[in-house]
2 protein chains.
Amino acid sequence: MDQKLKSELTRQLILNESFKLFYENGFKTTSVDKIMKATNLTKGAFYHHFENKKALALAVIGLKLQKRVYEAMVAPLYGSGDALEILKTIFSVRLKSFTVYEKQHGCPTNNFINEIGDHEVAYQNALKRIIEEWKSALVYVLDRGKTEGSVRKDICSKSVAVYLISAFEGVRGLRKLYDNDLILDEYVSGLSLYIKQISA
Amino acid sequence: MDQKLKSELTRQLILNESFKLFYENGFKTTSVDKIMKATNLTKGAFYHHFENKKALALAVIGLKLQKRVYEAMVAPLYGSGDALEILKTIFSVRLKSFTVYEKQHGCPTNNFINEIGDHEVAYQNALKRIIEEWKSALVYVLDRGKTEGSVRKDICSKSVAVYLISAFEGVRGLRKLYDNDLILDEYVSGLSLYIKQISA
DNA sequence: TCCATTATATACTAGGTAGTATGTTTTTTT
DNA sequence: AAAAAAACATACTACCTAGTATATAATGGA
């Protein structure tokens, strides 16, 4: 029972270092060699745990990215509290509380989407799952707001969800170009206007 | 006078093929060899016209990308007509009229931003210029709308501009994951809600 | 027409790439 | 404890990479 544990630990180590390097340098330009150098293991270990680099990418997307987005952007939407307040918190407070490192490198999921979202169906589906889960949670909280009377009933929840996600991912990309938070402040101000519009 | 012309033609050929290959396969994974194969020229020609791959990237960004964004997204904003109608056209009609190829591969500029926006200051500045030019045009048309009475005077033009750009670039990335236009339709619907909010 | 310059081609280097083949060590099972 | 299996290491292949060195061809000016 010790071997299984240590093996799983190694797998997680590879996944963690991969995520980090993919995030900092991109997926396609991060080699297996670089990853294994970061883990202090060798290629033998890598190809024992993963069939190839594509399998690693799918694991990083399905495990690391999906989990991160779920914890940061999805789970809070299922919490209690005023629907619109939750939205404001998720999309603005969270954004400003990112570290410089996170602001500089953007959204890990969005980076993957833009880098390999048009390459393989397997990648598309894995990434799509993350977005759809997020979108569903947004629709849920918007619908709840409707029944509770805080959100206008004549708006399309799905459309608002897509627009919110789009703007968030968009600005996380744009922020890479700057060395200050001005664009984030403007985004937040633009967002608050949008939230006012959907409020009843 | 013939040599200068032919030389410039070759340079443009390299730029065009580079743009296309960068767009389809990404910047970092497109090699100089592949580019020159596409031009039916050789490496000698490439390094005669460009100092290195970085110089090529800066030329593609500063010439090809900047021009494309200007023609498609900036120039129309300086045209005549109702400010809000122009915004609707730019951000929704244009989006739906993209070819399948363009929907699949997203926005060339946004692809660059996400791929190398966090790599080098030179890249950042070249890309920033495109976004700032776009943002200025949006601010212009929003301010015009304010004086003409079609746009609410209490909104921050810069913030709205940033939010509009963010959402547009965001959804162009997300669309890569799908094989239909549903997400674009939802974006358009979400956008029209936003435009309603800023109208007087 | 000769010469200089520019434009392009060819051949090469040094290093990086995914993946494989084959080891050796460690752990589990019998 | 022996055998089997799992975990990891080492060495290798075939190919791609940016960039350089040096050649040849085309053009423009005198």
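With rounding to whole Å, A:Lys53 atom NZ is found 13 Å from D:dC16 atom C1'. The distance from atom CG of A:Leu13 to atom P of D:dA7 is 15 Å, rounded to the nearest whole Å. The distance between atom CD1 of A:Ile35 and atom C1' of C:dT17, rounded to the nearest whole Å, is 12 Å. Separating the NZ atom of B:Lys54 from the P atom of D:dG19 is a distance of 11 Å, rounded to the nearest angstrom. Taking atom CG of residue A:Leu5 and atom P of nucleotide C:dT26, one finds them 18 Å apart after rounding to whole Å. In this entry the distance linking CZ of B:Phe50 with P of D:dT20 reads 16 Å, nearest Å. A:Asp2 has its CG atom 7 Å from the P atom of C:dT27, to the nearest Å. The CD1-C1' distance, from B:Ile14 to D:dA18, rounds to 15 Å in whole Å.
The rotation axes computed at either terminus of the helix from C:dT1-D:dA30 to C:dT30-D:dA1 lie 10° apart, taking five pairs at each end and rounding to 10 degrees.
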Atom pairs and distances, donor-acceptor, side-chain atoms in residues 163-173 of chain B, under 3.5 Å, two or more places apart:
residue: B:Ser166; atom: OG; partner: B:Val162; partner atom: O; Å: 2.8
residue: B:Arg172; atom: NH2; partner: B:Glu102; partner atom: O; Å: 2.8
residue: B:Arg172; atom: NH2; partner: B:Gly106; partner atom: O; Å: 3.0

Donor-acceptor pairs are to be reported for all side-chain atoms of residues 112-121 of chain A against protein atoms at under 3.5 Å, with residues two or more places apart or in another chain.
residue: A:Asn114; atom: ND2; partner: A:Asn110; partner atom: O; Å: 3.1
residue: A:Asn114; atom: ND2; partner: A:Asn110; partner atom: OD1; Å: 3.3
residue: A:Glu115; atom: OE1; partner: A:Phe27; partner atom: N; Å: 2.9
residue: A:Glu115; atom: OE2; partner: A:Phe27; partner atom: N; Å: 3.3
residue: A:Glu115; atom: OE2; partner: A:Lys28; partner atom: N; Å: 2.8
residue: A:His119; atom: NE2; partner: A:Lys28; partner atom: NZ; Å: 3.0
residue: A:Glu120; atom: OE1; partner: A:Lys54; partner atom: NZ; Å: 2.8

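Between the side chains of B:Tyr101 and B:Glu24, at least one donor N or O sits under 3.5 Å from an acceptor N or O. For the residue pair A:Lys146 / A:Ser157, a side-chain donor-acceptor distance below 3.5 Å is found, with atom types taken as modelled. Residues B:Thr30 and B:Asn25 have side chains that never bring a donor and an acceptor to within less than 3.5 angstrom of each other. Using modelled atom types, one finds a donor on one side chain and an acceptor on the other under 3.5 Å when comparing B:Asn111 with B:Lys176.
Among pairs with a residue in residues 121-136 of chain A, those fulfilling salt bridge (Lys or Arg N to Asp or Glu O under 4.0 Å) read A:Lys135-B:Glu186, at least two apart in sequence or across chains. Judged as a side chain to side chain donor-acceptor pair (under 3.5 Å), the pairs with a partner in residues 85-95 of chain A (not counting sequence neighbours) are, in order, A:Glu85-A:Lys88.
For A:Tyr70 and A:Tyr78, the gap between ring centers reaches or exceeds 6.0 Å.
Nucleic acid contact class of B:Thr39 (heavy atoms, under 4.0 Å, all strands): none.
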How would nucleotides 8-16 of chain C be written as a contact map, 5' to 3', with B for base contact, S for sugar-phosphate-only contact and - for no contact, using protein heavy atoms under 4.0 Å? BBB------
